[in-house]
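Here is the structure we will look at.
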Amino acid sequence: MLAAMRTPLLLPLTIVVFLGALPAGFALAQASETPSIESFGEEEGDFLFIPGIGRIPLPPGTRALGPGQGGRDLDPERRAPAAAAPPPPPKDPDQQRAEEMARLYLRLEQAEDEREAKGVSAAIASRWARSESDTINLLAARALAADAAGAPPLALKLLDYVVALSPQWAEGYVQRAKVRAEQGDDSSAIADLETAATLEPKRFDALAALGALKEKTGDKKGALAAYRKSLAISPQQESLRKVEERLHIDVEGRDI
């Protein structure tokens with residue numbers, strides 16, 4: 001029982017001796033401060049600093065919890081990887097086509113010569129000729145075949161179906177305008193080309209053909225406007241530029 005009574009009496013004395021052995025830099029006034037984690041490089045390692053007690057070395061890889069910090073993982077390999085950003089949603093076909101055509105039109109406008117422009121024009125024309133409907137594509141192909149075989153009435157009948165079934169497809173009107181012009185129906189061909197240019201404002205081929213038909217029917221002013229619109233989209237049309245320059249003199253006179 002005597003030994004049990006001595007233990008509580010020895011504890012205060014032990015604490016006093018321990019505090020007296022601390023370095024002078026650690027004042028007891030620091031007791032109100034909060035503990036913190038200090039790093040002294042890879043050689044010295046990390047320490048847990050407790051005011052009034054001093055630095056306590058931490059073993060490598062130890063996870064120490066600091067007040068208000070939620071803890072700090074001293075081992076970088078244990079940190080969870082950052083969550084990857086979700087992939088962007090896929091673009092719809094109409095948006096993809098619009099972006100692709102915008103790039104082609106820009107290349108056509110910036111083409112350095114007529115040869116480069118013809119290559120880009122061919123790529124654009126191939127996309128114009130594709131409908132979203134297999135049925136429309138089949139009818140249009142048969143119409144072209146009928147016209148090439150010398151059967152324009154059949155071609156026109158097939159193209160009438162194309163335009164009726166797909167009234168927003170500019171290519172149907174362009175193809176029908178071609179057959180109508182070949183048959184001497186210039187007014188109907190002009191109407192089809194104007195519709196095509198409204199649906200697809202960058203149809204430089206339809207605008208050039210429209211200018212030729214308007215010039216043929218005596219509408220030189222309308223023809224000049226159509227030629228200029230076509231050249232603004234596809235500047236490297238040398239033969240069309242010569243026609244525009246000639247018509248410019250006829251309609252507006254020579255520049256002073």
Side-chain angles (χ1 to χ4, degrees), residues 94 97-131 140 143-144 147-148 152 155-156 159-160 162-164 166-256:
D94 290 340
R97 181 184 183 279
E99 292 178 356
E100 180 185 14
M101 295 301 289
R103 289 192 294 268
L104 288 172
Y105 286 133
L106 182 61
R107 286 178 55 193
L108 182 64
E109 183 182 348
Q110 298 176 348
E112 296 182 357
D113 51 43
E114 190 172 11
R115 180 179 179 181
E116 180 183 355
K118 285 182 177 179
V120 180
S121 297
I124 292 174
S126 68
R127 286 155 179 79
W128 282 341
R130 290 201 304 264
S131 168
L144 287 175
D147 185 43
L156 284 174
L159 290 169
D160 286 342
V162 168
V163 170
S166 185
Q168 299 301 313
W169 190 43
E171 181 69 13
Y173 295 96
V174 173
Q175 291 185 17
R176 191 170 68 174
K178 177 178 176 294
V179 179
R180 283 177 166 176
E182 291 171 350
Q183 297 302 302
D185 189 358
D186 293 339
S187 60
S188 296
I190 288 174
D192 275 346
L193 291 171
E194 287 177 339
T195 302
T198 300
L199 292 171
E200 190 82 51
K202 289 186 177 292
R203 288 285 313 224
F204 55 87
D205 60 334
L207 289 167
L210 179 61
L213 285 175
K214 286 193 172 186
E215 185 177 6
K216 178 184 175 183
T217 58
D219 184 7
K220 292 185 177 181
K221 187 176 181 180
L224 182 60
Y227 289 149
R228 286 175 174 172
K229 287 181 181 179
S230 181
L231 287 169
I233 302 165
S234 179
Q236 296 292 347
Q237 300 179 82
E238 296 304 324
S239 59
L240 184 61
R241 187 169 297 282
K242 292 178 181 178
V243 173
E244 185 273 334
E245 291 173 354
R246 172 185 56 76
L247 197 59
H248 162 67
I249 297 173
D250 292 344
V251 174
E252 301 174 345
R254 296 183 179 275
D255 296 330
I256 300 176

All heavy atoms of His248 vs all of Leu224, minimum pair found to be N-CD1, 4.0 Å
Contacts satisfying side chain to side chain donor-acceptor pair (under 3.5 Å) that involve residues 199-220 (not counting sequence neighbours) are Glu171-Arg203, Asp186-Lys216, Glu194-Lys214, Arg203-Asp205, Glu215-Tyr227, Glu215-Arg246
What one should report as the nearest heavy-atom pair of Ala196 and Val174 is CB-CG2, 3.6 Å
Could you walk me through whether Val162 and Trp169 satisfy the side-chain contact (heavy atoms from CB on, under 4.5 Å) test, starting with their C-alpha distance in whole Å, then the side-chain angles of each, then the deciding distance to 0.1 Å, before giving a yes or no?
CA-CA 9 Å; Val162 168; Trp169 190 43; 3.7 Å; yes
Could you list the donor-acceptor pairs under 3.5 angstrom formed by side chains in residues 117-131, with sequence neighbours left out?
from	atom 1	to	atom 2	distance (Å)
Ser121	OG	Ala117	O	2.8
Ser126	OG	Ala123	O	2.7
Arg127	NE	Glu100	OE2	2.6
Arg127	NH1	Ala123	O	2.8
Arg127	NH2	Glu100	OE2	2.8
Trp128	NE1	Tyr105	OH	3.1
Ser131	OG	Ser133	N	3.1

With sequence neighbours left out, the residues meeting side-chain hydrogen bond (donor to acceptor under 3.5 Å, both in side chains) with Asp250 are none
Value for CZ (Arg176) from OG1 (Thr195), rounded to nearest 0.5 Å, stands at 8.0 Å
OG (Ser230) and CZ (Phe204) are apart, to the nearest 0.5 Å, by 7.0 Å
Heavy atoms of Leu207 and Ala226 approach each other most closely as O-CB, 3.5 Å
Residues Pro167 and Leu199: closest non-hydrogen pair is O-CD1, 3.5 Å
On a heavy-atom basis, the closest approach of Glu244 and Arg228 is OE2-NE, 3.0 Å
Here the ring-ring contact (aromatic ring centres under 6.0 Å, His included) pairs for residues 176-197, sequence neighbours left out, are none
So CD of Glu238 and CG of Leu231: to nearest 0.5 Å the spacing works out to 9.0 Å
Is the shortest side-chain N to carboxylate O distance from Glu182 to Lys178 below 4.0 Å? yes
Residue set satisfying side-chain hydrogen bond (donor to acceptor under 3.5 Å, both in side chains) with Ser188, at least two apart, ordered chain then number -> Asp185
For residues 106-113, which side-chain N or O atoms pair as donor and acceptor with protein atoms under 3.5 Å away, sequence neighbours left out?
from	atom 1	to	atom 2	distance (Å)
Asp113	OD1	Arg115	N	3.3
Asp113	OD1	Glu116	N	2.8

### Message
Between Gln237 and Arg241, is there a side-chain heavy-atom distance shorter than 4.5 Å?
### Response
no
Between Ala155 and Ala143 the two heavy atoms that sit nearest each other are CB-O, 3.3 Å
